[in-house]
Enquirer: 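One structure, pasted below without further comment.
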Amino acid sequence: MAKFELKLPKMGESVAEATITNWLKNVGESIAADEAVLEIATDKVDSEVPSEVSGTLVEVLFQVNDVVKVGQTIAIIETEGGNVEAPKVAEVAAPAVADVEKTIEVAKESVAPADFSTSDKFFSPLVKNIAKEEGVSVSELETIAGSGKDGRVTKEDILKFVASRKSQVASPAQVVSQPTTDNRQPTTDNRQPTTDNNQPSTQAVPVSVNGGDEIIEMDRMRKLISGYMVASVQTSAHVQSFIEVDVTNIVKWREKVKVAFEKREGEKLTFTPIMMEAVAKALKDFPGMNISVDGDFIIKKKNINLGMAAALPNGNLIVPVIKNADQLNLVGMAKAVNDLGNRAKAGKLKPDDTQGGTYTVTNVGTFGSVFGTPIINQPQVGILALGAIRKVPAVIETPEGDFIGIRQKMFLSHSYDHRVVDGALGGSFVKRVAEYLEAFDVNREY
């Protein structure tokens with residue numbers, strides 16, 4: 001018999017850790033190669049971790065809600081035959097696991113569970129784990145002066161607080177922490193009104209007065225989205241610019257080539273990649289829109305990575321990212337859009353698929369909306385909403401005079417961060433996108 005270490009796999013350059021959300025296999029159960037063993041979550045995407053070998057799960061080193069860093073051993077699988085034994089796994093891992101389990105038990109016995117949903121501040125899963133294990137109440141956590149982005153509490157901040165408190169009053173719990181990374185992404189905790197209580201409080205479940213209302217708790221992703229949206233509105237000074245675009249040429253061209261395009265490329269040609277192509281060009285013309293804000297500093301992004309907001313079958317929202325979008329031709333853009341969209345609907349996105357976006361596009365026209373006022377995807381400074389394409393009567397100017405004709409038109413709605421983007425830049429950018437769309441060449445190749 002041999003033992004194999006199941007490690008948390010690398011999930012992309014910008015992802016350093018994940019939270020365990022569910023064990024799909026129990027100790028003692030058989031596992032086939034490539035079969036999913038557990039489910040994990042980063043700040044945006046849920047994923048499964050498969051086994052690389054066939055065997056029996058003999059040891060689980062982390063529990064649900066534990067934060068694990070990439071490359072860390074999370075379970076031990078016993079195999080028959082094969083030469084996959086990891087040297088000294090049992091001797092090294094067992095004491096560490098015992099310490100962790102002992103610490104968790106002490107924390108559970110000495111500290112009532114903290115309800116972080118009562119706080120209007122954002123705390124990372126790592127900070128919350130340390131707070132729970134050290135008996136730091138929510139109200140105490142809110143008093144810590146954070147050194148992170150926008151004053152957020154980091155691992156170092158809470159450890160300093162715990163050390164300072166221990167110097168005055170000894171605490172029975174021990175710190176169990178994992179290294180964290182600063183990837184300049186918004187934190188993911190739900191924001192709720194805070195309480196003035198000095199003790200952790202729990203949020204009361206609403207009661208149906210008439211008995212006919214159905215009360216449903218938000219799922220994990222909806223809580224994350226809620227936190228992102230509230231944080232963005234509180235962070236950025238949102239302002240909007242709207243422009244109407246004549247896309248008649250694009251509609252005619254797509255209708256003419258879509259069958260041949262699908263036959264040759266094996267991909268459907270939607271309007272989205274055409275719009276994305278124009279946005280990528282405009283971002284090259286106006287790099288001031290391809291930035292992010294960090295306190296009093298502006299970060300100019302080298303790459304143009306377009307996020308495309310996608311609605312999931314369950315009604316939730318996710319934003320996969322097309323990396324280096326300005327380097328793709330229309331065929332490449334179509335393949336990227338379709339691939340990310342299909343994997344989003346199937347729940348097959350990888351954590352790195354949602355990382356690194358520098359600007360976001362959302363298609364509100366999919367649901368018949370003429371235009372919208374989208375919320376900026378932090379830490380970006382702009383987001384473009386594509387409205388529904390409609391046939392409308394329009395004035396057409398010709399050398400022979402003006403006349404009324406039927407044209408295909410849509411609205412572009414541009415939300416941007418007025419802290420760093422003024423109307424001249426925000427308006428000029430969306431106007432440039434419109435110019436690229438209206439100048440679309442009906443005779444172009446794919």
Enquirer: Can a salt bridge be assigned to the pair K323 and D352 using a cut-off of 4.0 Å between side-chain N and carboxylate O?
Expert: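 Salt bridge present between K323 and D352.
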
Enquirer: Has the side chain of E134 got a donor or acceptor atom that lies under 3.5 Å from a matching backbone atom of A131?
Expert: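 Not a single qualifying donor-acceptor pair exists.
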
Enquirer: Is the CZ atom of F371 crowded by more than 12 outside heavy atoms at less than 6.0 Å?
Expert: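 For F371, atom CZ is not crowded (no more than 12 foreign heavy atoms under 6.0 Å).
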
Enquirer: Counting only N and O atoms by type, is there a donor-acceptor contact under 3.5 Å from the side chain of S232 to the main-chain atoms of M229?
Expert: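 Absent.
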
Enquirer: Between Q72 (side chain) and K69 (backbone), is there a donor-acceptor pair under 3.5 Å?
Expert: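 Present.
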
Enquirer: With a cut-off of 6.0 Å (strictly less than), are more than 12 heavy atoms of other residues, nucleotides or ligands near CD of E52?
Expert: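 Atom CD in E52 is not packed in, count stays at 12 or less.
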
Enquirer: Measure across R432 and A282 and return the closest heavy-atom pair with its distance rounded to 0.1 Å.
Expert: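 Nearest pair, atom of R432 first, then A282: CG-CB, 4.1 Å.
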
Enquirer: Give a yes or no answer on whether the side chain of N342 reaches the backbone of N338 with a donor-acceptor pair at less than 3.5 Å.
Expert: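 Looks like yes, one N/O pair under 3.5 Å.
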
Enquirer: To the closest 0.5 Å, what do you measure between NZ (K302) and OG1 (T358)?
Expert: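 OG1 of T358 is found 13.5 Å from NZ of K302.
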
Enquirer: At their closest point, which heavy atom of N363 faces which heavy atom of L386, and how far apart are they?
Expert: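 Smallest heavy-atom distance, with atoms named: OD1-O, 3.2 Å.
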
Enquirer: Could you tell me whether the side chain of L425 reaches within less than 4.5 Å of the side chain of M289, counting heavy atoms only?
Expert: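 Of all side-chain heavy-atom pairs linking L425 with M289, at least one is under 4.5 Å.
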
Enquirer: First locate atom CD of Q380, then atom NZ of K301, and finally report the distance between them rounded to the nearest 0.5 Å.
Expert: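 So the gap between those two atoms works out to 9.0 Å.
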
Enquirer: Run the side chain to side chain contact (heavy atoms under 4.5 Å, CB included) test on D66 and T19 for me, step by step, so that the C-alpha distance in whole Å, both residues' side-chain angles and the decisive distance to 0.1 Å come before the verdict.
Expert: CA-CA 6 Å; D66 285 349; T19 302; over 6 Å; no

Enquirer: Distance-only, no hydrogens or angles: does the D294 side chain make a donor-acceptor pair with backbone N or O of F297 under 3.5 Å?
Expert: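 Judged by distance alone, no pair lies under 3.5 Å.
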
Enquirer: Keeping the roles fixed (side chain from N324, backbone from Q327), state whether a donor-acceptor pair exists under 3.5 Å.
Expert: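 Not at all, since once roles are kept as given, no pair shorter than 3.5 Å links the two residues.
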
Enquirer: Quick one: do E262 and K335 make a salt bridge, cutoff under 4.0 Å?
Expert: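 Judged by the 4.0 Å cut-off on N to carboxylate O distance, E262 and K335 do not form a salt bridge.
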
Enquirer: Would N305 and Y359 satisfy side chain to side chain contact (heavy atoms under 4.5 Å, CB included), going step by step from the backbone distance to the final call?
Expert: CA-CA 7 Å; N305 299 333; Y359 188 88; over 6 Å; no

Enquirer: Would you please classify the geometry between the F429 ring and the H414 ring as parallel, tilted or perpendicular, with 30° and 60° separating the classes?
Expert: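 The rings of H414 and F429 sit tilted, inter-plane angle from 30° to 60°.
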
Enquirer: Look at K3 together with E78 and state whether they make a salt bridge at an N to O cut-off of under 4.0 Å.
Expert: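 Salt bridge absent between K3 and E78.
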
Enquirer: With a 4.5 Å cut-off on side-chain heavy atoms, are F161 and V136 touching?
Expert: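 Side chain of V136 against side chain of F161, heavy atoms only: contact under 4.5 Å found.
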
Enquirer: Determine whether V49 and P9 make a side-chain contact, defined as any pair of heavy atoms from C-beta on separated by less than 4.5 Å.
Expert: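 Touching, per the 4.5 Å side-chain cut-off.
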
Enquirer: Could you tell me the separation between the CD1 atom of I74 and the CG atom of L6, rounded to the nearest 0.5 Å?
Expert: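 So the CD1 of I74 and the CG of L6 are separated by 4.5 Å.
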
Enquirer: Please check if the number of heavy atoms outside K256 that lie under 6.0 Å from its NZ is greater than 12.
Expert: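 Yes, because the 6.0 Å sphere around NZ of K256 holds more than 12 heavy atoms from other groups.
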
Enquirer: Tell me, yes or no, whether the heavy-atom count around K350 atom NZ, taken from other residues, nucleotides or ligands under 6.0 Å, exceeds 12.
Expert: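 No, the 6.0 Å shell around NZ holds no more than 12 heavy atoms from other groups.
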
Enquirer: So how far is it from I383 CD1 to H238 NE2, rounded to the nearest 0.5 Å?
Expert: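 One finds 8.0 Å between CD1 of I383 and NE2 of H238.
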
Enquirer: What closest approach, in Å, do L24 and E29 show between heavy atoms, and which atom pair accounts for it?
Expert: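 Looking at all heavy atoms of both residues, the shortest contact is O-OE1, 4.2 Å.
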
Enquirer: Just wondering, do I31 and T56 contact through their side chains at under 4.5 Å, heavy atoms?
Expert: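 When only atoms from C-beta onward are counted, I31 and T56 do not touch, as no gap falls below 4.5 Å.
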
Enquirer: With rounding to the nearest 0.5 angstrom, report the CH2 to CZ distance, W253 to R444.
Expert: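 CZ of R444 is found 5.5 Å from CH2 of W253.
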
Enquirer: Compare every heavy atom of A231 with every heavy atom of T235, then report the nearest pair and how far apart it is.
Expert: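 That closest heavy-atom pairing would be OG1-O, 2.6 Å.
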
Enquirer: Which is it for V233 and I375 under the side chain to side chain contact (heavy atoms under 4.5 Å, CB included) test, yes or no, and what are the steps along the way?
Expert: CA-CA 7 Å; V233 171; I375 296 175; 4.0 Å; yes

Enquirer: Salt bridge check, D339 against R343: does any charged N sit closer than 4.0 Å to a carboxylate O?
Expert: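 Yes, R343 and D339 are salt-bridged.
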
Enquirer: Under the side chain to side chain donor-acceptor pair (under 3.5 Å) rule, what do D326 and N303 come out as? Steps first, then yes or no, please.
Expert: CA-CA 8 Å; D326 58 312; N303 299 326; over 6 Å; no

Enquirer: Do V319 and T354 make a side-chain contact, defined as non-hydrogen atoms from C-beta onward lying under 4.5 Å apart?
Expert: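 V319 does not reach T354 side chain to side chain.
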
Enquirer: For the residue pair R254 and F271, would you count it as a cation-pi contact if the rule is NZ or CZ under 6.0 angstrom from the ring centre and within 45 degrees of the ring axis?
Expert: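 R254 over F271 ring: yes.
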
Enquirer: Indicate the atoms forming the closest heavy-atom contact of L317 with A309, along with that distance.
Expert: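 Smallest heavy-atom distance, with atoms named: CD1-CB, 4.0 Å.
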
Enquirer: Would a distance-only check, ignoring hydrogens and angles, find a side-chain to backbone donor-acceptor pair under 3.5 Å from W23 to V37?
Expert: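 Judged by distance alone, no pair lies under 3.5 Å.
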
Enquirer: For S413 and G372, indicate whether the former's side chain and the latter's backbone hold a donor-acceptor pair under 3.5 Å.
Expert: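 Looks like yes, one N/O pair under 3.5 Å.
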
Enquirer: Answer whether the closest heavy-atom distance between the side chains of T360 and L306 falls below 4.5 Å.
Expert: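 Not in contact.
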
Enquirer: Flag the pair S236 / R419 as yes when at least one side-chain heavy-atom distance between them is below 4.5 Å, and no otherwise.
Expert: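 SC-SC contact between S236 and R419 confirmed.
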
Enquirer: Hey, could you give me the CG/CD1 distance between L340 and I322, rounded to the nearest 0.5 Å?
Expert: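 One gets 6.0 Å once the value is rounded to the nearest 0.5 Å.
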
Enquirer: Of the non-hydrogen atoms in A280 and I304, which two are nearest, and what is the gap between them?
Expert: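 Minimum heavy-atom contact is O-CD1, 3.8 Å.
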
Enquirer: As a quick check of understanding, evaluate side chain to side chain contact (heavy atoms under 4.5 Å, CB included) for L159 and I130, giving each step before the final call.
Expert: CA-CA 8 Å; L159 291 181; I130 296 175; 4.1 Å; yes

Enquirer: Would you check if the side chain of T21 reaches a backbone N or O of E39 as a donor-acceptor pair within less than 3.5 Å?
Expert: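 Pair found, side chain donor or acceptor close to backbone of E39.
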
Enquirer: Taking C-beta and beyond as the side chain, do I299 and I291 meet within less than 4.5 Å on heavy atoms?
Expert: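 Sidechains of I291 and I299: no contact.
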
Enquirer: Got a donor-acceptor contact below 3.5 angstrom from the T143 side chain to the E140 backbone?
Expert: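 Flag set: sc T143 to bb E140 pair under 3.5 Å.
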
